Trainee: 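First the structure, then my questions, so here it is.
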Amino acid sequence: MKVSHQMLNIAKFICFCFLTTVIHFANAQSNFDSMSGSHPSFSEILSFRVDSVLNLMTINEKIGQLVQYSGGWDATGPSSSENHQYKLSKLKKGEVGSMLNVTSVAAIRETQQIVMENSRLKIPLIFAYDVIHGYKTIFPIPLGESASWDLEIIQKSASIAAKESAASGLQWTFAPMLDVSRDARWGRIMEGAGEDPYLTSKIGVARIKGFQGGNLNDKFTVAACAKHFAGYGFGEAGRDYNTVNIGDYELHNTVLPPFKAAAKSGVATFMNAFNDVDGIPATGHRELQHDILKGKWNWDGFIVSDWGSIGEMIAHGFAEDKKQAAEIAMNSGSDMDMESYAYEGHLAELLTENKITESQLNDAVKRILKLKFELGLFDDPYKYCDETRERENVYTKEHLKIARDVARKSIVLLKNENKTLPLSKSIEKIAVIGPLGDDKDVPLGNWRGKGVYNSAVSLLEGIKNKVDKNVQVSFAKGIELMSETVEPGKNQFLYPIKFNTKDKTAITEAVELAKKSDVVLLSVGENAYQTGEGRSQVNIGFAGLQNELIDAVTKANENVVVVLMNGRPMDLSEINKKVSTILECWHLGSQAGNAISDVIFGDYNPSGKLPVSFPYDVGQEPLYYNQKNTGRPYSMDHVTFSSYRDAPKEALFPFGFGLSYTNFKYSDLKLSRSEISKDGSLIAKIRVTNTGDKVGEEVVQLYIRDLVGSLVRPIRELKGFEKIKLKPQESRTVSFEITPETLQFYTQNKKWEVEPGTFQIWIGGDSKASTTAKFSVQ
Ligand code: NOJ
């Protein structure tokens with residue numbers, strides 16, 4: 001009998017439906033089965049399910065799974081632009097694997113329906129969005145949140161972001177960003193955990209756990225994405241998208257560890273990067289993606305390109321055209337093409353020319369299908385589409401309460417020389433002054449997801465919410481920071497910002513208010529869109545007319561508390577000379593003003609520590625504590641030493657630094673052994689005492705130095721930390737286990753090894769800690 005192609009497809013499809021149903025039941029049974037020992041494991045069943053779909057797919061359908069489009073869909077459907085019509089036709093054919101930027105249950109359902117009702121195999125789409133520091137309840141920017149050094153609260157904030165996203169129909173976030181960055185000029189420094197690979201690894205894993213929960217199948221979790229693989233934080237001169245020139249040693253010892261930790265923790269996806277690494281664009285970097293991530297680390301998720309980064313290999317001068325770009329990306333292990341249109345346009349042709357293989361294609365498709373199965377999308381493509389769930393789980397009171405807690409834990413007290421803080425709640429006249437003092441939008445930060453314009457609690461509101469009715473709280477803006485603001489409703493993300501450099505008229509009013517107030521809360525810093533993607537700056541001081549305002553106000557009143565709101569380490573050297581109190585408040589999210597007032601009035605004792613060094617001058621950048629000693633370490637007395645003639649070499653406020661309203665004393669550092677073997681361990685113990693009169697939290701930090709190595713080793717490296725809470729006069733002994741993992745590094749043998757020799761450790765409250773001891777490894 002002659003069977004038509006169509007009949008064959010129908011038969012295949014019936015078979016597919018049957019199989020997936022059977023496998024669904026098999027899944028449910030898997031616990032019982034694995035107990036009996038004679039049945040396939042969960043991962044075998046999963047891979048069987050994936051193969052059952054793959055076997056039904058045509059080449060075009062397979063290629064389609066590797067395509068990701070950006071939406072712009074809303075509840076009323078796609079706009080009528082040509083590009084949208086094209087995307088719509090591809091969706092109907094089942095030749096799209098994923099959409100980004102389609103948000104809300106209604107829009108996601110509508111888009112999913114296009115595929116489910118029109119395509120042959122009905123393979124559900126996966127919906128992604130940049131949920132970086134909250135979906136609608138906005139948390140502090142990641143750099144700020146990292147200042148909490150509180151892994152539990154960081155995980156919690158990611159889990160709420162996941163809950164709100166998943167309740168709104170999404171299944172995948174492009175976070176966390178794991179790019180170690182040492183350059184304050186780089187706008188995206190706000191999106192990571194700062195300059196240290198150890199801290200970035202720990203925080204990255206906490207965020208992944210928060211997003212993914214224990215189970216991707218849960219209705220309130222989303223898949224995470226470790227990005228940008230790799231080196232993106234090292235763009236030359238802090239310029240975004242710029243070339244990266246780092247050697248193998250730096251790559252392995254500094255850049256890759258957070259990614260390795262993410263892969264190990266089971267992060268579902270990776271994103272590659274826009275930059276080249278020593279001449280090879282990350283998107284076409286086979287060694288990074290194919291050999292290291294998927295090979296050596298044996299990671300089984302999929303890699304999505306960054307936006308258009310496959311096509312950008314043409315501009316890099318690494319590919320002649322999109323076809324060659326697609327070939328290079330595919331052969332390097334890049335699985336999904338975000339908005340380059342390179343895979344859909346050229347993979348079929350490349351296959352017939354044997355420039356890529358079908359088994360490569362299958363591998364990429366399988367990785368993507370696997371995640372769709374894990375998320376439960378094959379069981380129910382509308383699983384995340386429930387309006388009631390959306391209504392009940394987004395921007396809830398409970399989430400806002402936690403956002404406030406995360407925000408206050410992220411604040412860093414940089415200076416409190418005259419013990420001005422905490423303020424008494426019965427102080428008579430408080431002035432809030434400055435362009436950010438009543439701002440309800442800036443605290444939301446740059447990557448604010450679905451955060452609503454002007455929805456944050458401003459500093460002024462926060463102060464008013466806190467004090468007694470008889471306290472006089474007055475406000476004077478002094479200056480406008482910007483000369484133009486982007487109309488609400490427009491995507492501010494895309495517009496350059498313009499500073500006001502002319503209109504100073506309101507400074508006089510601010511000075512008058514400062515003169516008659518008991519204390520001034522001077523709110524200055526950066527607009528939300530001074531940091532983030534494409535927001536690199538050579539000036540990391542106070543833009544616009546802020547310096548003039550600072551000057552005038554600090555002359556008018558001695559009791560000024562600087563309330564900084566910013567997304568990068570700023571140059572604070574001038575303001576530091578003028579004031580005795582500085583509170584680093586980042587862009588703290590929806591509850592910013594309330595969180596800041598909690599700290600200002602002592603309802604919360606600040607416990608944040610800088611995850612990044614604050615310089616004396618932009619000329620010091622890149623600046624980081626874990627630098628190498630050089631052959632000519634710093635000396636003030638000699639010219640021919642590694643130093644600057646016009647500025648210190650060190651940070652103004654170092655990594656790990658942050659004050660409290662109480663004090664902590666470190667004593668009795670003891671090592672359990674003074675000598676260990678290469679695979680041995682020892683315990684370092686230290687006594688920490690709260691010597692003040694307030695309950696406080698301290699981040700106890702362990703640093704090591706390998707004094708002589710086969711490669712030059714950093715002068716200090718963070719290798720452990722613990723956040724503890726102590727009552728007044730209470731002491732606690734904190735222990736750190738020093739294991740081969742603590743001591744190893746990527747050596748000249750190109751292996752992770754512990755080298756024999758002497759090690760020095762320091763334990764204390766910042767990277768300048770002075771309590772020290774030595775031991776040796778035989
Ligand atoms: C480009 C950014 O580099 C990346 O981090 C982001 O996830 C994508 N755009 C998607 O918005």
Side-chain angles (χ1 to χ4, degrees), residues 67-73 96-103 125-135 141-143 158 161-162 165 170-181 186-193 200 204 207-208 211 222-235 238-244 258-259 262 267-277 281-283 285 301-313 315-316 329 334-341 445-451 491-494 529 531-536 567:
V67 171
Q68 185 183 53
Y69 290 149
S70 177
W73 257 248
V96 183
S98 170
M99 298 292 295
L100 76 148
N101 297 336
V102 179
T103 53
L125 294 163
I126 173 171
F127 291 87
Y129 192 51
D130 287 290
V131 181
I132 308 296
H133 51 107
Y135 179 76
I141 54 166
L143 185 68
S165 311
L170 293 161
Q171 302 109 32
W172 182 17
T173 175
F174 296 131
M177 187 185 95
L178 301 176
D179 299 309
V180 168
S181 177
W186 191 46
R188 292 193 87 168
I189 199 167
M190 58 78 67
E191 205 182 329
T200 303
R207 289 194 171 128
I208 291 163
F211 287 132
V222 294
C225 181
K227 72 188 189 184
H228 305 85
F229 196 60
Y232 186 41
F234 277 69
R239 177 151 59 83
D240 209 356
Y241 318 117
N242 203 4
T243 190
V244 170
F259 289 102
V267 70
T269 68
F270 263 58
M271 183 185 290
N272 54 36
F274 291 124
N275 56 283
D276 74 276
V277 186
T283 306
H285 209 299
F302 73 85
I303 305 176
V304 61
S305 80
D306 203 344
W307 182 294
S309 70
I310 298 180
E312 286 177 17
M313 286 197 282
H316 273 288
S334 182
D335 300 302
M336 185 179 271
D337 174 356
M338 183 198 292
E339 279 285 338
S340 275
Y341 304 81
N446 178 301
W447 286 99
R448 60 194 43 199
K450 287 278 152 190
N491 185 358
Q492 303 190 62
F493 188 82
L494 298 172
Y529 295 97
T531 48
E533 187 176 348
R535 308 284 175 168
S536 292

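Each ligand, and each atom within it, is numbered from 1 in the order the structure gives. Note that the coordinates shown come from a computational prediction; the quantities given were computed from them, not determined experimentally.
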Trainee: Who's the nearest protein heavy-atom neighbour of atom 7 (O) of ligand 1, and how far?
Mentor: Asp130 OD1, 2.6 Å
Trainee: Relative to the heavy atoms of Lys227, which atoms of ligand 1 are at a distance of less than 4.0 Å?
Mentor: 4 (C), 5 (O), 6 (C), 7 (O)
Trainee: Among Thr283, Asp306, Asn272, exactly one meets side-chain hydrogen bond (donor to acceptor under 3.5 Å, both in side chains) together with Ser334. Which residue is that?
Mentor: Asn272
Trainee: Assess the side chains of Ser98 and Trp172: does a donor N or O sit below 3.5 Å from an acceptor N or O?
Mentor: no
Trainee: Checking the side chain of Ser165 only, and the main-chain atoms of Ala161 only, is there a donor and an acceptor separated by less than 3.5 Å?
Mentor: yes
Trainee: With heavy-atom distances below 4.0 Å as the criterion, list the atoms of ligand 1 near Arg188.
Mentor: 2 (C), 3 (O), 4 (C), 5 (O)
Trainee: Is the shortest distance from a Lys or Arg side-chain nitrogen in Asp130 or Arg448 to a carboxylate oxygen in the other one below 4.0 Å?
Mentor: no
Trainee: Applying a strict 4.0 Å limit to heavy atoms, is His228 in contact with ligand 1?
Mentor: yes
Trainee: Checking contacts here: is it the side chain or the backbone of Leu100 that comes within 4.0 Å of ligand 1, counting heavy atoms only? Could be both or neither.
Mentor: side chain
Trainee: Ignoring hydrogens and geometry beyond distance, is a side-chain donor-acceptor pair present between Tyr241 and Glu533 at under 3.5 Å?
Mentor: yes
Trainee: With heavy-atom distances below 4.0 Å as the criterion, list the atoms of ligand 1 near Phe174.
Mentor: 7 (O)
Trainee: Numbering the atoms of ligand 1 from 1, which are under 4.0 Å from a heavy atom of Phe274?
Mentor: 1 (C), 3 (O)
Trainee: Are Ser70 and Asn101 close enough that a side-chain donor and a side-chain acceptor fall under 3.5 Å?
Mentor: yes
Trainee: Would you check if the side chain of Arg188 reaches a backbone N or O of Gly532 as a donor-acceptor pair within less than 3.5 Å?
Mentor: no
Trainee: How far is atom 8 (C) of ligand 1 from its nearest protein heavy atom, and which residue and atom is that?
Mentor: Asp306 OD1, 3.4 Å
Trainee: So is Met177 close enough to ligand 1, meaning a heavy atom under 4.0 angstrom away?
Mentor: no
